[in-house]
Undergrad: 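What follows is a structure written as structure tokens; I'll ask about it next.
Order of the sequence lines sets the chain letters (A, B, ...), proteins ahead of strands, with each chain counted from 1.
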There are 2 protein chains.
Amino acid sequence: MTIKEVSEKYGLSKDTLRYYEKEGLIGPVAKGKNNQREYQEENLNQIEFIKCMRSINMPIAKLKTYMNLYAQGPSTLDSRKEILENQLDAINIQLDDLKKAKERLLKKIELYNQEKSKKSH
Amino acid sequence: MTIKEVSEKYGLSKDTLRYYEKEGLIGPVAKGKNNQREYQEENLNQIEFIKCMRSINMPIAKLKTYMNLYAQGPSTLDSRKEILENQLDAINIQLDDLKKAKERLLKKIELYNQEKSKKSH
DNA sequence: ATAACACTTGAAGTGTACTTTAAGTCAAGT
DNA sequence: ACTTGACTTAAAGTACACTTCAAGTGTTAT
């Protein structure tokens with residue numbers, strides 16, 4: 001797959017894909033005849049994982065650490081698991097914040113609706 | 001309440017409090033004899049709301065818009081409600097992303113555990 | 001009274017995550 | 001032959017949300 005195809009498939013700009021590779025989040029991606037990137041299955045899996053983790057604001061630096069460990073093979077299983085578990089904690093905190101904020105907004109919107117119905121009567 | 005007390009109460013640095021005020025997210029806060037800030041009840045309510053919204057990454061610019069409308073009085077009720085409703089949509093998207101990521105991490109961690117138990121047998 | 005400390009201001013600096021630019025290579029279309 | 005378009009690189013630029021700095025004023029403790 002070319003960078004353009006990957007870009008379109010995952011909704012990441014070509015620049016972002018090259019940036020992720022340079023930072024070591026993916027790749028290195030194999031280059032074809034014209035020195036152009038040819039993304040392989042494994043690259044795509046990594047990209048999907050990264051996209052998912054970035055959607056919840058896992059920092060680039062942590063993903064980088066994780067991917068470096070991954071590249072180092074099975075001896076790093078424990079460290080990798082630890083990173084994932086930490087990330088899970090972060091997710092639970094975020095879920096909590098979101099639920100609190102949602103509650104608050106729903107109440108506030110309810111109040112606005114009451115204000116309005118008052119006016120119209 | 002002094003800026004120091006507010007800072008400690010809400011876990012926001014004094015600089016951040018002044019920054020929020022400068023950006024128009026709160027205040028203007030009344031100044032006492034020594035040109036020092038004296039936070040009032042309303043300021044505290046605003047700070048709490050802002051803290052909650054910032055915890056879920058509502059952008060400063062949107063909060064600013066919202067707070068400006070608020071300061072303009074009841075004629076802006078509809079616009080304010082719209083902002084809150086948009087923010088609610090954003091929250092639901094984030095909740096979705098988080099749940100997906102959580103699922104994925106739980107599965108991945110499970111796999112790591114399986115790898116480990118394989119090794120130990 | 002003279003440090004030590006808390007505050008004030010505006011402006012410059014920082015970290016994160018991209019994004020854009022500049023300068024170049026390569027292949028296809030007219 | 002030549003332009004158009006997609007790609008390559010490294011480096012500089014941008015946006016956001018603070019954070020730190022520099023320079024100054026005022027209050028409190030010894």
Undergrad: Could you tell me whether the phosphate oxygens of D:dA17, OP1 or OP2, come under 4.0 Å of any side-chain nitrogen or oxygen in B:Thr16?
TA: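 It does not, given that no N or O in the side chain of B:Thr16 lies less than 4.0 Å from OP1 or OP2 of D:dA17.
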Undergrad: Hey, is B:Asp96 close enough to B:Lys99 for a salt bridge, meaning N to O under 4.0 Å?
TA: no
Undergrad: How close or far is atom P of D:dA6 from atom CD of A:Glu38, stated in whole angstroms?
TA: 18 Å
Undergrad: Just wondering, do B:Ile47 and B:Tyr20 contact through their side chains at under 4.5 Å, heavy atoms?
TA: no
Undergrad: According to a strict under-4.0 Å criterion, is B:Arg54 in side-chain N/O contact with OP1 or OP2 of D:dC18?
TA: yes
Undergrad: Output the rounded distance in Å from CG (B:Asn35) to P (D:dA23).
TA: 20 Å
Undergrad: Round to a whole Å and report the spacing from CE of B:Met58 to C1' of D:dA17.
TA: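 To the nearest whole Å, that distance equals 15 Å.
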Undergrad: Between A:Glu21 (CD) and D:dT9 (P), how many Å, whole number?
TA: 7 Å
Undergrad: Distance-only, no hydrogens or angles: does the A:Glu38 side chain make a donor-acceptor pair with backbone N or O of A:Val29 under 3.5 Å?
TA: no
Undergrad: Specify the residue among A:Arg18 and B:Lys33 whose closest nucleotide of DNA chain D lies further upstream toward the 5′ end.
TA: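 Counting from the 5' end, the first nearest nucleotide belongs to A:Arg18.
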Undergrad: Describe the nucleic acid contact of B:Asp15 in one word from base, sugar-phosphate, nothing, applying a heavy-atom distance below 4.0 Å.
TA: base
Undergrad: Would you check if the side chain of B:Asn43 reaches a backbone N or O of B:Gln40 as a donor-acceptor pair within less than 3.5 Å?
TA: yes
Undergrad: Okay, side chain of B:Thr2, backbone of B:Glu5: is any donor-acceptor separation there less than 3.5 Å?
TA: yes
Undergrad: Anything under 4.0 Å to a heavy atom of chain B counts; send over the first and last such nucleotide of DNA chain C, read 5' to 3'.
TA: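 The footprint of chain B covers C:dC7 to C:dT9.
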Undergrad: Just how far, in rounded Å, is C1' of D:dG26 from CZ of B:Arg37?
TA: 15 Å
Undergrad: Can you see if the side chain of B:Ser13 gets near the phosphate of D:dT19 - specifically, an N or O under 4.0 Å from OP1 or OP2?
TA: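 Yes, because at least one side-chain N or O of B:Ser13 sits under 4.0 Å from OP1 or OP2 of D:dT19.
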Undergrad: Between A:Leu95 and B:Leu106, is there a shared hydrophobic cluster once you connect ILVMFWY residues whose side-chain heavy atoms come closer than 4.5 Å?
TA: yes
Undergrad: Without placing hydrogens or testing angles, list every side-chain donor-acceptor pair under 3.5 Å for residues 50-66 of chain B, not counting sequence neighbours.
TA:
{"residue": "B:Lys51", "atom": "NZ", "partner": "B:Tyr10", "partner atom": "O", "Å": "2.9"}
{"residue": "B:Arg54", "atom": "NH1", "partner": "B:Met58", "partner atom": "O", "Å": "2.6"}
{"residue": "B:Ser55", "atom": "OG", "partner": "B:Cys52", "partner atom": "O", "Å": "2.7"}
{"residue": "B:Thr65", "atom": "OG1", "partner": "B:Ala61", "partner atom": "O", "Å": "2.9"}
{"residue": "B:Tyr66", "atom": "OH", "partner": "A:Tyr112", "partner atom": "OH", "Å": "2.7"}

Undergrad: Check the distance between D:dG26's P and B:Lys31's NZ and give it to me in whole angstrom.
TA: 14 Å
Undergrad: Return the value, rounded to whole Å, for the distance between atom CD of A:Gln36 and atom P of D:dT9.
TA: 10 Å
Undergrad: Between D:dG5 atom P and A:Lys4 atom NZ, what is the distance in whole Å?
TA: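 In whole Å, D:dG5 P lies 11 Å from A:Lys4 NZ.
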Undergrad: Give B:Lys22 one of three labels, base, sugar-phosphate or nothing, depending on what nucleic acid heavy atoms sit under 4.0 Å from its own.
TA: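 No contact.
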